[in-house]
Amino acid sequence: DTEVTQTPKHLVMGMTNKKSLKCEQHMGHRAMYWYKQKAKKPPELMFVYSYEKLSINESVPSRFSPECPNSSLLNLHLHALQPEDSALYLCASSHTGLGSNEQFFGPGTRLTVL
Amino acid sequence: QQQVKQSPQSLIVQKGGISIINCAYENTAFDYFPWYQQFPGKGPALLIAIRPDVSEKKEGRFTISFNKSAKQFSLHIMDSQPGDSATYFCAAKLQGGSEKLVFGKGTKLTVNP
């Protein structure tokens, strides 16, 4: 299985809602990532988990809260978002350590904040 | 220092032609250079990647050329097909096991039939 799955595919939420994005992989990867991608822009790294511990937080606002419950799952909890947070949210995974470079991306969740 | 500069921003090629996308970097600590292909509404997918100890890598119609002294690398798509129409991102990764990828700004390729 060489796939990263993400749910839901689409999400529309109001600024006062709380929602969660989910990501799953069964490739034995111990690094998992959240990226945000705006239209016509490259993916922008938000968080990295390595061995279920948060290793990189790219100064993301606290209204985004990541969680890595186990080595296969990654969640992104959303609360009090702003319309400018509307974007494609991508999850990725990879092996860790030297020589382990390829990141596998999921299809993304298209988020719209009203 | 952490940037990867990609050009052109958009590219239109006729079917059967060669598509060339260029990237340049400053940080000599980068040691892995992948190219990702992204179709609308999909996540990026790794197309081909190279390390700086190799000057060229070919996989099918896709070739990466790497010039370490000039700190430049490029993607060549031979016999371009309409199905190759997508956005292409070059990227770079720091040596030492860093998990962070630095992406170029992307090139939107259109291959006309």
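First the proteins, then the strands, lettered A, B, ... as listed; each starts at 1.
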Heavy-atom pair of closest approach, residues Pro43(A) and Phe103(B): O-CD1, 3.8 Å

Count the heavy atoms belonging to other residues, nucleotides or ligands that lie under 6.0 Å from NZ of Lys38(A), then report whether that count exceeds 12. yes

Carefully, step by step, assess Glu58(A) and Lys100(B) under the rule side-chain contact (heavy atoms from CB on, under 4.5 Å). CA-CA 10 Å; Glu58(A) 292 287 291; Lys100(B) 185 173 179 177; 2.8 Å; yes

Do Ile20(B) and Ile64(B) share a hydrophobic cluster, counting only Ile, Leu, Val, Met, Phe, Trp and Tyr and linking them when any side-chain heavy atoms are less than 4.5 Å apart? no

Do Tyr51(A) and Leu74(A) share a hydrophobic cluster (ILVMFWY, side-chain heavy atoms under 4.5 Å, transitive)? no

Smallest separation among heavy atoms of Lys42(B) and Leu88(A), with atom names: O-CD2, 4.3 Å

Which region of Glu44(A), side chain (C-beta onward) or backbone (N, CA, C, O), has a non-hydrogen atom less than 4.5 Å from a non-hydrogen atom of chain B, or is it both or neither? neither

Count the heavy atoms belonging to other residues, nucleotides or ligands that lie under 6.0 Å from CD of Glu84(A), then report whether that count exceeds 12. yes

Do Ile56(A) and Leu21(A) share a hydrophobic cluster, counting only Ile, Leu, Val, Met, Phe, Trp and Tyr and linking them when any side-chain heavy atoms are less than 4.5 Å apart? no

To the nearest 0.5 Å, atom CG of Leu101(B) lies from atom OG of Ser94(A) at 8.5 Å

Passing option when Tyr36(B) is tested against Phe104(A), Phe105(A), Tyr35(A) for ring-ring contact (aromatic ring centres under 6.0 Å, His included): Phe105(A)

Residue part contacting chain A, namely of Pro44(B), when any heavy atom lies under 4.5 Å: both

Can Leu76(A) be reached from Val4(A) by stepping across I, L, V, M, F, W or Y side chains whose heavy atoms are under 4.5 Å apart? no

Starting at OG1 of Thr87(B), measure out to CD of Gln37(A) and round the result to the nearest 0.5 Å. 8.5 Å

Check whether Gln38(B) gets within reach of chain A through its side chain, its backbone, both or neither, counting any heavy atom under 4.5 Å. side chain

Give the cluster check for Val102(B) versus Ile21(B): same hydrophobic cluster or not, with ILVMFWY residues linked at side-chain heavy-atom distances below 4.5 Å. yes

Roughly how far apart are Gln103(A) CD and Lys93(B) NZ, rounded to 0.5 Å? 7.0 Å

